[in-house]
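Have a look at the structure below, then the notes.
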2 protein chains.
Amino acid sequence: MSRKPRLRSGTGVTMHDVGQAAGVSAITVSRALHSPDRVSPALREKILQVVEQLGYVPNRSARQLASARSHTVLVLIPSLSNTVFIDALAGIESVLQPAGYQMLIGNTHYSDSEELALLRAYLQHSPDGLLVTGLNQLPAFRQIVAQQALPAVYMMDLSQDDRPCVGFSQEAAGASMTGHLLARGKRRIAFLGAQLDERVIKRLHGYRSALQQAGCHDPALEWLNPSPSSMQMGADMLDALLAAHPDCDGIFCCNDDLAIGAIARCQQRGIALPEQLAIGGFNDLQAAAWTTPALSSIATPRFEIGAAAARMLLQQLRGETTAVQKLDLGFQLQVRAST
Amino acid sequence: MSRKPRLRSGTGVTMHDVGQAAGVSAITVSRALHSPDRVSPALREKILQVVEQLGYVPNRSARQLASARSHTVLVLIPSLSNTVFIDALAGIESVLQPAGYQMLIGNTHYSDSEELALLRAYLQHSPDGLLVTGLNQLPAFRQIVAQQALPAVYMMDLSQDDRPCVGFSQEAAGASMTGHLLARGKRRIAFLGAQLDERVIKRLHGYRSALQQAGCHDPALEWLNPSPSSMQMGADMLDALLAAHPDCDGIFCCNDDLAIGAIARCQQRGIALPEQLAIGGFNDLQAAAWTTPALSSIATPRFEIGAAAARMLLQQLRGETTAVQKLDLGFQLQVRAST
DNA sequence: TCCCAATTTGTTAGCGCTAACATGAAAAAT
DNA sequence: ATTTTTCATGTTAGCGCTAACAAATTGGGA
């Protein structure tokens, strides 16, 4: 039988080789590496030495195939270009990496159907768990998650049903900024929204209820644009808004990008902030503190949301918890010169 | 032998099951999915139908284990919070995803040793290729790459040696912005640098050589801080610089974050831009166009660098190319009101 | 007509690892 | 001293897939 040798990736050193060199069987090497307390200390020491010496690199595919556990978590976020999700990603990484889990990142581009397609595609990696942004997945998505009994944690918002989640109330946050503008004596407060994902819509609802409660809600002041947000769009929307409603005295921008563009345009147009017009943003990006005047915003615990969601998922994976967990990490109103 | 059934991930449908249902062997299913032209059209059609019907999901681990190809690329970037690398990542994704490759993202936190550790750790996934930021890896890193014959493409800069790369000359870009400030009549031009990674140092070199050529280089105007850059740092460094050198009439900030902070502080202090002080940034982030005054910067093709590097790597993987390739995608000076 | 090549499908074995069961040795309990 | 329990290690088989080889089928061309 003179078969051609197969291609080998990595160093080509296998667990069996390590075992032979250490005078034990492969399974003992496996145990020394992954469940150290099931091997005597002396032997473990020796095995680790041989591992080092031979430059052994475990083969994750083989491990995964044999154990039916991938030590992999699928993370679905709507965008890579939005700092908000990158911050959450960093939080997730800070928890999963030390725990020996690999994260697979799927960029849904804010699309339900792409989200579903990504889930399907990444199922090939048989992820042990799932971290998703938002709660509004397609029915087919939910069905797959349920059918495969895939442990999942939902990020950035709070669920009304039995899904575990980590986030804060987008509506309450929207109401909070609106309430702040009201407290500053503003009464003709507009809402500038872009992208119109579920979070923006919820902030809009918070804005609405706060204004309705104060008796000064005017639907004509809600300006919504489904395109991705940008500073340019903020500037453009400001111009359009003021052209239609010169009496507008306050603006709640659904995110800081819009707000920064709007502030810059006010600066160019010589509009006095906050006297003539107060502007509030959302997310409290780094740049919010460095506009002229500095931008009031809602600070959101993105990193911590990611980290907490990852921790919650790991608990589920380890079977440490039975109860469905929901974690409200809140938000904070950052008042600066723009209001 | 009544063994307990093993845990199964995924749907539990295997290639064998699909084969049975379609009346063929497993290998034919494999071929129908991965090398369609080796199966007759009619049969392929039937197999794909059964795949759909049974909800078959291929098991990537098994594929990888059997074929010694992982269809996975390791991407190492210094930071997740810097838009520059996220943009490159998006470019990489846009190429790898359609090609059926999975990207594993490693965040080196700007650390050589972490970079090495990540490479070692991710070797467990036996990646088919490697995309790395910069050229200054540790010797041990290079040794592993060489020893494993791991195809690699280096991003963001141009190599002097035989390593394939996609980027632009950081030095030339640094010289370009400095030359622009000189052309504006500035002579006391400072350099504000943070993080001090290899790219910042090269921009500094470009700055130096441009000033030396013009005969107005003053080492006392080079302000370097190894901490991560931020807008706050830009503001602080501006204050310190002007306190020490009130005659300074131009500043080249190694990135836009510093520049935005510096501009905001000038605004606060009533310093006239660009007459009294001209400020230039680097990378041309979105926010650069929206400061007051708008920030001049060096626009860099980050997305395209990532995409081109990924394409180059795929060529290597397919063995389509023998020659080492180097791709200079250049940069562009964006002149705005701040200079 | 037969033969050879090209094409299509199947058989066998094994990738590297770990679950489950088995065994042997040491420690604890009787 | 004997039995029971615990602990440490080994044996066997198989996870799901694909490389290599083998066989069967088809289509020309001499």
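Order of the sequence lines fixes the chain letters, A, B, ..., with proteins taken first and strands second; residue numbering starts at 1 for each chain. It should be emphasised that the depicted structure is a prediction, and the values quoted were computed from it without experimental measurement.
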(request) State whether the side chain of A:Gln148 and the backbone N or O of A:Ser126 hold a donor-acceptor pair below 3.5 Å, judged by distance alone. (result) no
(request) Round to the nearest Å and state the distance from A:Asp37 atom CG to D:dT9 atom P. (result) 12 Å
(request) May I ask you to verify if any side-chain N or O of B:Ser67 is less than 4.0 angstrom from the OP1 or OP2 atom of D:dC17? (result) no
(message) Using whole Å, what does the distance between atom C1' of nucleotide D:dG10 and atom CG of A:Leu43 come to?
(response) 12 Å
(message) Between B:Arg163 (side chain only) and B:Leu135 (backbone N and O only), is there a donor and an acceptor less than 3.5 Å apart?
(response) yes
(message) Please tell me whether A:Gln315 and A:Gln325 have a donor and an acceptor in their side chains that are separated by less than 3.5 angstrom.
(response) yes
(request) Give a yes/no on whether any side-chain N or O of B:Arg38 is located under 4.0 angstrom from OP1 or OP2 of C:dT8. (result) no
(message) As a test of understanding, state which of B:Asp128, B:Leu104, B:Leu96 forms a side chain to side chain contact (heavy atoms under 4.5 Å, CB included) with B:Thr72.
(response) B:Leu104
(message) Can you see if the side chain of A:Thr28 gets near the phosphate of D:dG10 - specifically, an N or O under 4.0 Å from OP1 or OP2?
(response) yes
(message) In the structure I gave you, are the side-chain heavy atoms of B:Leu314 and B:Tyr101 within less than 4.5 Å of one another anywhere?
(response) yes
(message) Heavy atoms from C-beta onward define the side chain here; which of D:dT9, D:dC17, C:dT18 lies closest to that of B:Tyr56?
(response) D:dC17
(request) Compare the minimum distances between each of D:dT9, D:dT18, C:dG16 and the side chain of A:Leu65, then state the nucleotide with the smallest one. (result) C:dG16
(message) Please report the interatomic distance CG(A:Asn107) to CG(A:Leu76), rounded to the nearest 0.5 Å.
(response) 9.5 Å
(request) Could you tell me the separation between the CG atom of B:Asp17 and the P atom of D:dC15, rounded to a whole number of Å? (result) 11 Å
(message) In whole Å, I'd like the distance from the CZ atom of A:Arg44 to the P atom of D:dT9.
(response) 10 Å
(message) Between the opening five pairs and the closing five pairs of the helix from C:dT1-D:dA30 to C:dT30-D:dA1, how far apart are the helix axes, to 10°?
(response) 40°
(message) Under a 3.5 Å threshold, yes or no: a donor from one side chain and an acceptor from the other, between A:His71 and A:Arg63?
(response) yes
(message) Just the rounded figure in Å: distance from P of C:dG10 to CD of B:Gln20.
(response) 12 Å
(request) Measure the distance from CE on A:Met15 to P on C:dG14 and round it to the nearest whole Å. (result) 20 Å
(message) What I want to check is whether the side chains of B:Thr108 and B:Glu115 have a donor and an acceptor closer together than 3.5 Å.
(response) no
(message) How many whole angstroms separate atom CG of A:Asn59 from atom P of D:dC17?
(response) 16 Å
(request) Nearest whole angstrom, please: distance from the C1' of C:dC17 to the CD of B:Gln124. (result) 12 Å
(request) Between B:Ser40 and B:Ala62, just flag the one whose closest nucleotide in DNA chain C comes earlier from the 5' side. (result) B:Ser40
(message) Heavy atoms from C-beta onward define the side chain here; which of D:dG10, D:dT18, C:dT18 lies closest to that of A:Val24?
(response) D:dG10
(message) Can you see if the side chain of B:His16 gets near the phosphate of D:dC17 - specifically, an N or O under 4.0 Å from OP1 or OP2?
(response) no
(request) Please determine, for the side chain of B:Arg31, which listed nucleotide (C:dA19, C:dC15, C:dG10) has the closest atom? (result) C:dG10
(request) Among C:dT11, C:dC17, D:dG10, find the nucleotide with the atom closest to the side chain of B:Ser25. (result) C:dT11
(request) Among D:dT18, C:dG16, D:dT11, find the nucleotide with the atom closest to the side chain of A:Ile27. (result) D:dT11
